[in-house]
Each structure stands twice: as structure tokens, then as C-alpha cells.
Colleague: 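Have a look at the structure that comes next, please.
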2 protein chains.
Amino acid sequence: MNTRRADRRADGVRHELEQLILTGDLADGDRLDEVSLAERFGCSRTPLREAFQALAASGLVQLIPHRGAFVRHPAFEELVEMFEVMAELEALCGRLATRRITRPLLAALHETVIACEAAVHDADSDRYYAENERFHMLLYQAGGNRFLADEAARLHRRLKPFRRMQLQVRGRMAQSLDEHRQVLAALERGESEAAADALRNHVAVQGSKFNDLMASYRRSPLVPAAMGRS
Amino acid sequence: MNTRRADRRADGVRHELEQLILTGDLADGDRLDEVSLAERFGCSRTPLREAFQALAASGLVQLIPHRGAFVRHPAFEELVEMFEVMAELEALCGRLATRRITRPLLAALHETVIACEAAVHDADSDRYYAENERFHMLLYQAGGNRFLADEAARLHRRLKPFRRMQLQVRGRMAQSLDEHRQVLAALERGESEAAADALRNHVAVQGSKFNDLMASYRRSPLVPAAMGRS
DNA sequence: AACGCCGAACTTGTATACAAAATAATTGAC
DNA sequence: GTCAATTATTTTGTATACAAGTTCGGCGTT
């Protein structure tokens, strides 16, 4: 029979559902029907309901008692709000990092910047994206505050698809790289406020640059393609 | 029979479990046994498992696949880290609020400060606690960033038991009130950085003041009493 | 014809039965 | 007697059966 479609279990379901939402296969407001999704994934309702709860905690779906689970895509305003918070969390990471960063982490950050330069040179946005990811994750660690690192990573992850859109904008990659350089320079000089400001700006720019993408976003409220991986 | 103990369902279970953890009836590292808790609450395993997931999302329990759910109380360091982040979130609220706050909200903030003064005068820590809560919630709203408000409220809620401990420290109430006044004054003058700094300090103080409580905390890692309500 | 009430169909919420995995215990070998 | 391996028990994960609530359609009334 054609049951080969599925067979994933547990948090496999969660991840798969998350992708369906993020890629836009499931539109804003869509009701997540337990039985149809269950047979689609080849599992029972139980793992699905657990996935719903996890996704609700992430803010991707809204759970209404006795009514069901509904896809919750962030409105444009909400995205701007999230970037506003993200900017501040990263700024805090930077401020703390100037005091707490270790030599190896600083060296690793250096490497990512060099790798980013190569990516920009090759106009390889995929690679730039990967290295940018690394840069930020390292920075979260460098803050020396595990809770902060977790929260930052959580929000970062939630904004991932939208950040990816940004890189498509002309010149954004090079600009981003330059901002990375400024952050790194501030860290090396130990200027905490400069580092914080550079990071706040680095992230906030993405939020404000969103106006440029607004039009396309409006008609297809989800990132259309190429963000389904990792 | 003696089944009268329970009979609550669904998120009632979630809330009750949360209280058990917060009050310290369930100690750090305790395994949450599904069957025994099920009969304790007079329900089946299903609602319990859902509650586990919700609590895991809040960070109160750790979910290990095929092993079970374990109570996760924040270590002292982690608490300090959480206050560090909370301070920054509130600072951001304050900075934004100077630009965005509405007249009614400003008036409401005024009222809470007055109510706090009365509470301090009466040495009524319960009332002070309630009004302090109101002050901060209003502030989160005043930031004009709903996402930020939600996140701040979430963390605020998570730190609730520990903040409550603080008020027991001699003189803390009066000091806290004074800090509230400074925040409000900065907001009224529209000085965003002053407001941010005042709030950052107001919260950070709580984190650092924690050293004073460390000894007692060490031997009973949970807030011992009087924080189970609301 | 429109509104409200009542009932059927469907959907979610909960309980239980079953399967798989992990832990504990027992047996056997060295 | 100790250690390892295999079996037994316990516990989590999943599926299904059942209960309760919600939505939708029909019927009757005004």
C-alpha cells in the first residue's frame, strides 16, 4: 500500500509539522485536523496532539480548547516586534561578551568572519547564511549566560525563515559582513557599549529592512521557498 | 471512596503540578511518575503527559525520551542569569515606553506607585507584592510591543517565587518603591535611557541581592512557603 | 421569512489497551 | 564471589475506544 509516505514518530511529527507551517504549506488560520493529519503522517492522533502542544509553546500554532489547533503566522507587526526583542537580546550578549568571552571563542568568531568574507566574495548566500548562523551562535555562547543563550537561540530559530529572506536583498550580504566586523572589533577592544550598539543595529536593521520585503510578504505571508532545510 | 482528592482535568492538572513544583513539594531531580500522579490527581496518564509537555516548555521540567519527566529547579547561577535577562527586557520596555506610553497607562502607573506607598506605610508585603505586579505588567504594556510584553510576562512569572522571597529582606520594599518612583519620573520626563537604566537596575538589584539569600536557598532550593497563590 | 430551539454528526478531550524501550533481577560462567 | 548476559518487570510511547463538547442542519414558532 501507499503507507510509505510517513512512518515517522513522535518529535519527528513535530518537526515535520513545523516545516509544513514554516514553508507555508499550511496557511495562517488553517485548522489542523487531527484525523486527516494523523493518516497523512501515518500515525495516530496522540503524537499529533503532543506536537500541537509543542508548537503552541513555540507560538506557531494557537490551541483553542474544544475547538482545535490553528496555524498562527506572525503578522508583519509581530515580526517587527520580534526583531526588536532579538536586537536587544543580541546587544546584551555582546555587552556581556566583552567581559566574559574566552580566547577560543574569540578566535572562532574571527574564523566565521573570514569565512563570511569568502562567501561574500563567491556570492554564495547559502554559505554566508551558514556562517552567519555560526557567528551568532558563538556570540550567544560568548555572553557566558546560558539562559540568555538559550532564549536568544530560540528566538533566532523562530526568525530564521525571515532572516533568510533578507539575504536575497541586494547588497545585504556585504553590509551584514561589515556589521559583523564592527561587532568583532568592538569585542576585541573590549568596548561593551560599542559591541552592544553594533549588534543592536545589526539586528534592528533587519527588522526595519523588512519594509522593503513587505509587499511580497503581504501576498504570501510565508517565506515562499528555500528555507525548509535545517 | 476517597477519590475526592482530585477530579480536576486538563490544564487544571497543569496548574496544580506547577504549584507542586513551585512550592517545593516536588524537589529538584524528582521523577514525575505518570501512574502515581495520575491516581493522585484522579485522572489518566493522558492529561498528565500533556501537562508535562507544557511545563517542559516553561522550563520547569525536563523531558528525557523513554526515561520520563524530571523536575528541573533552577540552580542559583541560573537564577542570576534569568534576572540578568529580565533586567534587559524590562529596560527595553522602559526605553520604548518613553516614546510610546499612553496617558491612561501613565496615570495607571502613578496609581500603583501611590498604592505601593500605602503598602510600604502599612508594611503590608502582600499588598505591595500585588501592586508591584501591577506596576510591572503595566510597564510591559506601555512598551507598545506585544511580543515583548508576552515574553517579559512569561519570564516575570517564572521568577515570581524568587522575587517574592526578596520582599522578605528588610528594607527591600522601601528601596523597591523608590526605584519605582525613579522609573516613573524618567518616563514622565521622556528620558528613555534614564528609564531603561532605572529599570535595569531595579531588576538587576534583585539578582545581585540574591547573594544575601543564597545560604538559605542552598539548603532548601525552593521557596519554602507563601508563594503558592495566584 | 426570520429567528430560535432542538437534535444529529463531527471533533476534541480522556481513558484504557497495547507495543516498545529501559531498568531491574536472575542466572550462568569464569 | 564477581561480572556478564539474558530474561523479567516496569515505564514510557502509541493506538484505539469512549465520553463530552461544539458545530451545523432541520424543524417549528412567531
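Residue numbers begin at 1 in each chain, while the letters A, B, ... track the order of the sequences.
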Colleague: Taking any heavy-atom pair under 4.0 Å as a contact, classify A/Glu50: base, sugar-phosphate, or nothing.
Modeller: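 A/Glu50: no heavy atom of the nucleic acid under 4.0 Å.
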Colleague: Mind calculating the distance between CD (B/Glu39) and P (C/dA15) to the nearest angstrom?
Modeller: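 Rounded to whole Å, this separation is 13 Å.
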Colleague: Among all residues two or more places apart in sequence or in another chain, which pass the side-chain hydrogen bond (donor to acceptor under 3.5 Å, both in side chains) test with A/Arg154?
Modeller: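 Partners of A/Arg154 by the side-chain hydrogen bond (donor to acceptor under 3.5 Å, both in side chains) criterion, ordered by chain and then number, come out as A/Glu151, B/Glu151.
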Colleague: Rounded to the nearest angstrom, tell me the gap between atom CZ in B/Arg49 and atom P in C/dT16.
Modeller: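 My rounded result for the distance is 16 Å.
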Colleague: Between atom CG in A/Leu48 and atom P in C/dG13, what is the gap in whole Å?
Modeller: 13 Å
Colleague: Quick check on DNA chain D: between B/Leu32 and A/Arg45, whose nearest nucleotide comes earlier from the 5' end?
Modeller: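 Looking at DNA chain D, the more 5' nearest nucleotide goes with B/Leu32.
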Colleague: List the residues meeting side-chain hydrogen bond (donor to acceptor under 3.5 Å, both in side chains) with A/Asp30, not counting sequence neighbours, and say none if there are none.
Modeller: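 Here no residue qualifies.
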Colleague: Could you check which of C/dT12, D/dT11, C/dA15 has an atom nearest any side-chain atom of B/Cys43?
Modeller: C/dA15
Colleague: Among C/dA15, C/dT12, D/dT12, which nucleotide has an atom closest to any side-chain atom of B/Ser44?
Modeller: C/dA15
Colleague: Please determine whether a side-chain nitrogen of the Lys or Arg among A/Asp126 and A/Arg164 lies less than 4.0 Å from a carboxylate oxygen of the Asp or Glu.
Modeller: yes
Colleague: Rounded to the Å, how far apart are A/Asp33 CG and D/dT22 P?
Modeller: 18 Å
Colleague: Considering residues at least two apart in sequence or located in another chain, which fulfil the side-chain hydrogen bond (donor to acceptor under 3.5 Å, both in side chains) criterion with B/Arg200?
Modeller: B/Glu88, B/Asp197
Colleague: Measure CZ/A/Arg14 against P/D/dT14 and give the value in whole Å, please.
Modeller: 14 Å
Colleague: In whole Å, what is the span from the CZ atom of B/Phe70 to the C1' atom of C/dT23?
Modeller: 12 Å
Colleague: Taking DNA chain C as the partner, which of residues 55-67 of chain A come within under 4.0 angstrom of it by heavy atom?
Modeller: A/Pro65, A/His66, A/Arg67
Colleague: Considering only NZ, NE, NH1 and NH2 on the basic side and carboxylate oxygens on the acidic side, decide whether A/Arg146 and B/Glu77 come within less than 4.0 Å.
Modeller: no
Colleague: Closest nucleotide of DNA chain D for B/Arg31 versus for B/Thr46: which of these residues is on the 5' side?
Modeller: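 Result: B/Arg31.
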Colleague: List in chain and number order the residues that pass salt bridge (Lys or Arg N to Asp or Glu O under 4.0 Å) with A/Glu81, two or more places apart in sequence or in another chain; answer none if no residue qualifies.
Modeller: none
Colleague: Would you kindly give the CD-to-P distance between B/Glu34 and C/dT14, to the nearest whole Å?
Modeller: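 In whole Å, C/dT14 P lies 15 Å from B/Glu34 CD.
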Colleague: Holding to side chain to side chain contact (heavy atoms under 4.5 Å, CB included), I want the full list of residues that pass it with B/Tyr140, two or more places apart in sequence or in another chain.
Modeller: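 Scan of B/Tyr140 (side chain to side chain contact (heavy atoms under 4.5 Å, CB included), adjacent residues dropped) gives B/Met86, B/Glu90, B/Cys93, B/His136, B/Met137, B/Ala149, B/Ala152, B/Ala153, B/His156.
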Colleague: Kindly write out the residues that satisfy side-chain hydrogen bond (donor to acceptor under 3.5 Å, both in side chains) with A/Asp124, not counting sequence neighbours, or none if the list is empty.
Modeller: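 Here no residue qualifies.
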Colleague: If you check the B/Pro47 side chain, which of C/dT14, C/dT12, D/dT12 turns out closest?
Modeller: C/dT14
Colleague: Taking N or O atoms only and anything under 3.5 Å, show me the protein contacts with nucleotides 5-9 of chain C, one pair per line.
Modeller:
none

Colleague: Tell me, please, which residues at least two apart from B/Ser176 pass side chain to side chain contact (heavy atoms under 4.5 Å, CB included).
Modeller: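 If we apply the side chain to side chain contact (heavy atoms under 4.5 Å, CB included) test to B/Ser176, skipping adjacent residues, the hits are B/Tyr128, B/Asn132, B/Arg172, B/His180, B/His202.
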